[in-house]
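A quick write-up on the structure given underneath.
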There are 2 protein chains.
Amino acid sequence: MKIHRLTSPLPEPKPAPPGNDNPCAACNVRVLSLCDALDEQDLPRLAAISSSMTVRPHQILVAEGDNADYLFNITDGTVKLYKLLPDGRQQITGFLFPGDFLGLAAAGRYAYSAEAITKVTFCRFDRRKLDKLLDDFPKLERRLLGIASNELAEAQDQMLLLGRKTAREKLASFLLMMARRSGLPGTPEQPLELPMTRTEIADYLGLTIETVSRVLTQFRKERLLAMPALDRIVLLDRPALERLAGTV
Amino acid sequence: MKIHRLTSPLPEPKPAPPGNDNPCAACNVRVLSLCDALDEQDLPRLAAISSSMTVRPHQILVAEGDNADYLFNITDGTVKLYKLLPDGRQQITGFLFPGDFLGLAAAGRYAYSAEAITKVTFCRFDRRKLDKLLDDFPKLERRLLGIASNELAEAQDQMLLLGRKTAREKLASFLLMMARRSGLPGTPEQPLELPMTRTEIADYLGLTIETVSRVLTQFRKERLLAMPALDRIVLLDRPALERLAGTV
DNA sequence: CGTCGTCGTTGACCTGGATCAAAGGCAGAA
DNA sequence: TTCTGCCTTTGATCCAGGTCAACGACGACG
């Protein structure tokens with residue numbers, strides 16, 4: 001049982017480059033980001049309390065139990081959210097992709113840890129300053145509520161997966177989720193790209209790496225998918241995978 | 001694999017009794033309810049768009065995929081939230097107790113079904129009317145965000161449980177959760193009361209009823225707990241159970 | 001006060017996925 | 001170039017928890 005490696009503390013953020021009123025320009029790629037909850041003319045207010053940063057793989061963005069001082073918008077890369085048991089068993093509760101949001105917390109503390117899987121660029125907001133903005137821009141708060149509701153719905157899907165699906169069903173659901181979230185269709189021209197390792201897939205699905213590997217080779221033998229590379233997947237028979245996943 | 005029984009549609013709500021400005025008086029029992037997010041003088045506005053109702057066991061409050069037209073505050077009884085796979089496998093994603101809230105939804109639709117386990121009394125709000133109130137009372141919206149953040153944290157705990165805990169650890173976590181949520185300490189004088197059946201416990205923990213039953217008898221033989229009745233549990237060795245649960 | 005249906009318990013057995021072990025592939029370091 | 005370390009795959013074996021089956025307790029209902 002591997003305890004996760006420690007990493008260095010977060011580097012101090014660089015100030016947003018001058019002349020760039022919205023360092024979070026990339027946020028607009030997905031519907032869930034904070035930036036597009038505001039009108040164009042109000043964006044500078046948001047930009048003023050945010051700073052853009054880039055970190056390397058394995059960098060920890062937030063640790064379970066930390067004071068929830070910051071909110072994050074991921075603009076590039078992939079992040080994993082996870083919880084640990086005292087003996088090191090790990091459950092990944094979600095992956096974040098560009099445009100996704102991080103930082104909702106109950107009782108002022110993060111309930112999970114977040115670690116960069118790839119090189120990650122994000123936009124960080126000071127929570128206390130944001131709280132003041134919330135008073136001025138109720139739209140922002142409504143957006144946060146929408147984000148939370150979405151995350152809740154995904155969490156419930158994941159509970160169904162973890163509690164009641166078989167290994168094959170879990171993998172099928174995972175691949176379809178990745179296709180949906182990453183925007184890659186999984187055709188031979190645009191295969192799915194998996195930024196995470198088998199260990200991380202296993203920790204997300206409540207399985208072991210061996211089972212993940214075995215099911216993937218099963219799928220390959222059954223012509224449900226092809227793997228031009230370890231981290232590239234072509235969904236050959238999407239309908240069959242969708243049937244397996246059970247409409248989630 | 002049992003497909004869940006159909007139940008009759010919800011009865012039409014009775015109007016709140018005259019002279020009772022706040023039919024949701026019981027809401028104040030827990031910190032998460034809607035009512036106590038408002039000042040005393042604003043409560044009538046909230047009461048005006050709500051109605052109190054009581055339903056029998058097995059009554060369905062909301063069904064997965066329904067238009068999310070209502071929000072609910074549970075004032076008495078126990079409700080289960082669940083999701084189904086096409087073949088009838090069920091995952092219970094949570095239980096609601098008095099003071100708990102129901103109705104957050106993404107994309108205007110409920111992502112889960114909710115069914116009364118016991119006789120249940122609740123207070124129902126019209127979502128569209130509530131949306132108008134939200135503009136006037138930002139406090140309400142902040143409360144909703146707080147509720148959502150809390151639910152999210154609980155969902156993540158549950159993912160850790162479902163994905164990575166053993167049957168014994170799951171049962172220990174469940175019993176401690178029930179003690180915390182119900183406010184019953186689990187002493188011989190005030191034993192834990194379980195309103196749900198073994199099937200429902202199993203569907204919550206991702207187990208079978210047989211395993212739930214076996215682990216409970218194990219615990220009894222190990223003097224970790226006593227069962228003065230099928231649905232009453234005395235936690236004899238809380239520290240041992242907490243160790244098993246893994247500090248959640 | 002039997003009969004029926006539901007719920008919980010227990011035993012016997014089975015199996016999906018975990019565990020243990022070995023080996024190949026690949027990237028970065030020397 | 002070889003070496004070293006990590007990741008992945010594959011095979012052999014094991015076991016926690018599932019499945020199947022029988023039975024007892026209890027409440028509702030005639």
Side-chain angles (χ1 to χ4, degrees), chain A residues 1-5 56-58 80 85 87-91 117-119 161-174 193-221 225-233 244, chain B residues 1-5 56-58 80 85 87-91 117-118 161-172 174 193-221 225-233 244:
Chain A
M1 211 89 52
K2 185 178 103 177
I3 306 288
H4 208 281
R5 83 198 74 185
R56 281 164 306 154
H58 303 298
K80 67 172 175 182
L85 284 171
D87 64 3
R89 277 174 287 173
Q90 177 173 133
Q91 177 66 39
I117 283 182
T118 60
K119 188 177 163 189
L161 177 147
L162 289 170
R164 288 298 178 219
K165 288 187 182 177
T166 65
R168 285 169 62 87
E169 293 167 339
K170 286 178 177 183
L171 258 298
S173 305
F174 169 73
E193 288 174 30
L194 304 182
M196 64 287 286
T197 66
R198 298 289 187 267
T199 302
E200 285 159 340
I201 297 174
D203 283 344
Y204 181 59
L205 300 178
L207 298 171
T208 58
I209 46 171
E210 291 95 332
T211 299
V212 170
S213 184
R214 275 187 255 270
V215 171
L216 285 179
T217 48
Q218 268 182 35
F219 283 178
R220 235 179 317 156
K221 285 179 183 163
L225 55 79
M227 280 180 48
L230 269 186
D231 58 352
R232 273 159 195 273
I233 289 189
L244 256 180
Chain B
M1 210 89 51
K2 186 178 103 178
I3 306 286
H4 208 281
R5 83 198 72 183
R56 280 165 307 154
H58 304 297
K80 66 172 175 181
L85 284 172
D87 65 3
R89 277 173 288 173
Q90 177 173 135
Q91 177 65 40
I117 283 183
T118 60
L161 178 147
L162 289 170
R164 288 297 179 220
K165 287 187 183 177
T166 65
R168 286 169 60 88
E169 292 168 340
K170 287 177 176 182
L171 258 297
F174 170 73
E193 288 174 31
L194 303 182
M196 63 288 286
T197 65
R198 297 288 188 267
T199 303
E200 285 159 340
I201 298 175
D203 283 344
Y204 181 60
L205 299 177
L207 298 171
T208 58
I209 46 171
E210 292 94 333
T211 300
V212 170
S213 185
R214 274 188 255 269
V215 170
L216 285 180
T217 47
Q218 268 181 36
F219 282 178
R220 236 180 315 154
K221 285 181 183 163
L225 54 79
M227 281 180 49
L230 270 185
D231 59 351
R232 274 159 195 272
I233 289 189
L244 254 181

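Chain letters run A, B, ... following the sequence lines, proteins first and then strands; every chain starts at 1. Just so you know, these numbers come straight off a predicted model, no measurement behind them.
Put simply, the side chain of A:Gln91 never gets that close to the backbone of B:Leu161: no donor and acceptor are under 3.5 Å apart. No donor-acceptor pair closer than 3.5 Å links the side chain of A:Lys165 to the backbone N or O of A:Lys170.
For residues 208-220 of chain B, proximity to DNA chain D is found at B:Thr208, B:Glu210, B:Thr211, B:Arg214, defined as any non-hydrogen atom under 4.0 angstrom from a strand atom.
Atoms CG (A:Leu205) and P (C:dA18) sit 10 Å apart, rounded to a whole Å. For the pair B:His58 NE2 and C:dC7 P, the computed distance is 7 Å after rounding to whole Å. Protein atom CG of B:Leu244 is 15 Å distant from nucleotide atom P of D:dA16, rounded to whole Å. Spacing between atom CZ of B:Arg164 and atom P of D:dG17 amounts to 13 Å, rounded to whole angstrom units. The separation between A:Asp231 atom CG and C:dG25 atom P is 17 Å, rounded to whole Å. As rounded to whole Å, 11 Å separates atom P of C:dG25 from atom CG of A:Leu230. Here the C1' atom of nucleotide D:dG24 and the CZ atom of B:Arg198 are 15 Å apart, to the nearest Å. Rounded to whole angstrom, the span from the CZ atom of A:Arg89 across to the C1' atom of C:dG17 amounts to 16 Å.
In this view, A:Arg220 satisfies the salt bridge (Lys or Arg N to Asp or Glu O under 4.0 Å) rule with no residue, not counting sequence neighbours. A:Thr211 is linked by a side chain to side chain donor-acceptor pair (under 3.5 Å) to A:Thr208, counting only residues two or more places apart in sequence or in another chain. In this structure A:Leu244 satisfies the side chain to side chain contact (heavy atoms under 4.5 Å, CB included) test together with A:Arg168, A:Glu169, A:Ala172, A:Phe219, A:Leu224, sequence neighbours excluded.
Where B:Leu207 and A:Met196 each meet DNA chain D at their nearest nucleotide, the meeting point lying more 5' is that of A:Met196.
Heavy atoms only, all atoms of each residue included: B:Leu216 and B:Leu225 are closest at O-CD1, 4.1 Å. Of all heavy-atom pairs between A:Phe174 and A:Leu194, the closest is CE2-CD2, 4.3 Å.
Legend: salt bridge (charged side-chain N to carboxylate O under 4.0 Å, His left out) pairs involving residues 201-216 of chain A, not counting sequence neighbours, sorted by first then second residue: A:Asp203-B:Arg164.
The shortest distance between side-chain heavy atoms of A:Arg232 and A:Glu193 falls below 4.5 Å.
Taken over five-pair windows at either terminus, the axes of the helix from C:dC1-D:dG30 to C:dA30-D:dT1 are inclined to one another by 30° (rounded to 10 degrees).
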